[in-house]
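All residue numbers in this chain count up from 1 along the given sequence.
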Amino acid sequence: MLVPLLVGLFIWLAYRNDNLPYAATVMRTFTPNDWWTGFGATAKDWQGVAVHTIFDGLVFFGLVWVVGALGSWGRIIGYYLARRRPPVRAALTGLAALVGLAAVLPEALHLGWSAVPVVNPILYLIALVTGGWHIAGSPIVVYAVYVLAAALVVWPCAKIGGWESLYRQWRSGKAPNVPDPATPSSPGIPRSQWPELRAAGAHRAADVLTGELAAGRMNDADCARLHRVWQASERDAGRRAAFVDALVRQGAAADAHPSGDRDLPARSASHDLLEGQVRVGRWVAAERGSRSYHDAGLALDPELLSTSLLAVGPSGSGKTRSLVAPVVESLCLQALTGACAVVAVGSAGSQLGPDAAYDVVIRLGDPASRYDLDLYAGATDPDEAAACLAEGLVGDMEGMETRRAATVLAQLLGPYRVAYGRFPTVPVLRELLEARPETLRALLDLLPADGAQAMRRELESRLRQVGTTNDLGPVLADRLAALDRPLFAEFFGGAEESRSFSLRSAAQHPMRVRISLPEGGHEEAARLLNRLLLAQFQHITRGGAGRGNSAFLVLDDAAGAVTPGALRALQRLRTQNSGVVLALRTLAEVPETLHGPLLATVGCRMAFSGLPTWDGRAFAEAWGTERVEMTEVAHHTVFADQPMTRAIHALRKLVTGKAVTTEAVTVREVERQRWSASDLAHAVPPGHAVLSLSHVRGEQVPPMLVDLRG
């Protein structure tokens, strides 16, 4: 604001001291020469003085306009005046009007200083137009010009100060309509005064929350949670009244998360919970990237993650530390606000936050685990349970139809549920898949003769398949054997006490769930569980467009999880208010035929440093090409025809050692890959990644380099 003012004062002083070049030339260009003496701007008679005075006014107001525009005076004045009460605002603008009148009309007010060039330029202009002072010097014209100048000063002040509305309220005898200092219409007012509540008349609740915030008893998670609940109760008067009452009684603890937690035990990333964002890095000012993103911060939010995110990078590239951990932490914080549910899956050693940051922690294979995982995701329909289980067991097998495998499983799960009232445990299911006909006939005898005809037909069909060449039972049993180990004896419903947790609960409530997969010699079991959890998540989130909260699944190591069936379901997640985050060490952990479909399905793609060239080729094809301008400069030797010219060229070559050449510049548009496989493999520094983003609304950010440490 001050720098343009200082520059403007310098230019005005230079002009007043006749140090501004070409000012005299401009005045003499538009006026007759006989009004001036010599070659300068010295007036010969009153016409020259008039032109000089008019030019002074034009220069002055031109400088004022430029300085005001460059210094944003209008916005700054409006910002400070909008924070004042109407009487105070009117008084301040009235004082400004008096100062302006004293500057513009010192002669009319009999003050002893020179006037701002407003009145005199107008009078001189009238004199030049009328040809003398017989009209411009008359008292009527002079006082009319005074009134006009005063109006030019008073009218903007009255407009900004709201004099008219204040006068009408005074005439009507009503109290001034004082806007609350925290109403949303007042620009620059902090949200700490809870303008939404005050605008709805809940002043007491707003005062309670303001006091809670000032006393440090409220954090950003509380603010985001209360703001979300207030918006959700907009169309329900009863719910809003109950919420306001809870605010008055409980303050910031009103409508807290069912766990009672209002914050995480610790934070490692920067969050903006009101926007739902977590900062993960900074865009790098590199050649391959839009200039509008250079050095801007990079943040992720649920509307980006709802398009699903794929991150590929070797071990040690920072996938967990720089991406997965901050995203999981952000989703856990937003779960505390009621905005989403998160299921974080990783090995027991993954740094995904302390156990206290989650509502449910499932440590598969650890006898001390408080919770168990429901193998069937709380399903009651045998077909649904069989579909999820088949995807987990044989979804990655080439040439194996998961539909046939699901049919075989459903032929056993349905009758067993009718006979025993529950689905079988892993050892029992494996035994049924490997069973001889007499074992299945024993199960058939347990089914009631009346009311279970459909299940009897299912089991009889299974009996006819046992021992045939097309029997998938042994294949499924062999895959299921990875979970039928002593390590998992007390899991998947095998324990005496019921402590199973169904993933379906996470789709219905804003829960924070952590699932630790076994390590060591149980890699095949971990890969099977990855597929199973992804299949369960995709099934339980169907029809989730109307849910009050979104749901996210984060796989810190998604090896073996991506199957053709999972990809088909992944395409529908963004319309179901859900998303997944998949982290891979290499695309080789996904079948080669699925590389292209996987990169095409996910909306956000991230390639970390150290990526192999063959992985970079898949990313380069997914990101496509762009048109760029390429400039080519060619140097051509000049061959002279004339003897004198050849002699001069020879002398120049002798002196400089270089032949005489001309430059030919060619500018053309070419298509090139946004990021080539070689660039992704060798040009991405450590601690960096190349990231492209897609929003659920369809907006996209092209692949650019991001510094994950910035």
Side-chain angles (χ1 to χ4, degrees), residues 308-315 317 319-320 324 343-350 352 362 364-365 373 375 377 387-402 405-406 409 426 472 475-485 487-488 491-492 503 514-539 553-571 573 580-599 601-602 605-606 608 611-612 614-615 618:
S308 297
L309 186 148
L310 173 66
V312 182
S315 300
S317 59
K319 296 189 301 299
T320 302
V324 177
V343 179
V345 182
S347 61
S350 298
L352 298 181
I362 304 173
L364 297 175
L373 179 66
L375 195 66
C388 293
L389 192 55
E391 185 66 35
L393 292 177
V394 297
D396 63 328
M397 293 183 63
E398 294 186 6
M400 176 67 70
E401 294 186 12
T402 56
L409 289 169
V426 171
L472 297 181
V475 178
L476 294 172
D478 182 63
R479 281 301 185 97
L480 192 61
L483 300 182
D484 188 16
R485 307 300 304 160
L487 182 69
F488 304 115
F491 289 88
F492 310 120
L503 210 61
R514 168 78 162 95
I515 301 177
S516 295
L517 301 181
E519 293 181 309
H522 300 276
E523 292 185 1
E524 184 59 34
R527 297 166 73 92
L528 189 154
L529 290 170
N530 269 336
R531 291 192 298 272
L532 178 62
L533 290 170
L534 181 56
Q536 287 185 355
F537 180 80
Q538 291 170 334
H539 272 78
L553 174 67
V554 181
L555 296 180
D556 184 48
D557 183 3
V562 180
T563 64
L567 277 184
R568 287 192 295 269
L570 198 64
Q571 297 172 348
L573 282 183
V580 298
V581 177
L582 305 174
L584 293 170
R585 287 183 290 269
T586 174
L587 285 178
E589 295 175 332
V590 177
E592 186 176 357
T593 56
L594 300 182
H595 290 181
L598 174 61
L599 290 169
T601 300
V602 296
R605 313 178 188 100
M606 197 169 187
F608 283 76
L611 201 70
W614 43 89
D615 285 355

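- In this structure, CG in Leu555 is found 11.0 Å from CG in Leu310, a value given to the nearest 0.5 Å.
- For Arg527, there are no side chain to side chain donor-acceptor pair (under 3.5 Å) partners two or more places apart in sequence or in a different chain.
- The distance from the CG atom of Leu483 to the CD atom of Glu524 is 9.5 Å, given to the nearest 0.5 Å.
- Here Glu589 contributes atom CD and Asn530 contributes atom CG; the two are 10.0 Å apart, rounded to the nearest 0.5 Å.
- Distance check, rounded to the nearest 0.5 Å: CG of Leu587 to CH2 of Trp614 gives 11.5 Å.
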Yes or no on side chain to side chain contact (heavy atoms under 4.5 Å, CB included) for Leu352 and Thr320, after CA distance, side-chain angles and deciding distance?
CA-CA 8 Å; Leu352 298 181; Thr320 302; 4.2 Å; yes

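- Sorted by first and then second residue, the salt bridge (Lys or Arg N to Asp or Glu O under 4.0 Å) pairs with a member in residues 559-570 form an empty list; sequence neighbours excluded.
- The structure places OG of Ser308 at 9.5 Å from CG of Leu553, a figure rounded to the nearest 0.5 Å.
- Interatomic distance, Met400 CE to Glu398 CD, rounded to the nearest 0.5 Å: 11.5 Å.
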Evaluation steps, salt bridge (Lys or Arg N to Asp or Glu O under 4.0 Å), between Asp557 and Arg585
CA-CA 8 Å; Asp557 183 3; Arg585 287 183 290 269; 3.1 Å; yes

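- Between the Arg479 side chain and the Leu393 main chain, a donor and an acceptor come within less than 3.5 Å of each other.
- Below 30°, between 30° and 60°, or above 60°: for Phe491 and Phe488 the angle between ring planes is above 60°, a perpendicular geometry.
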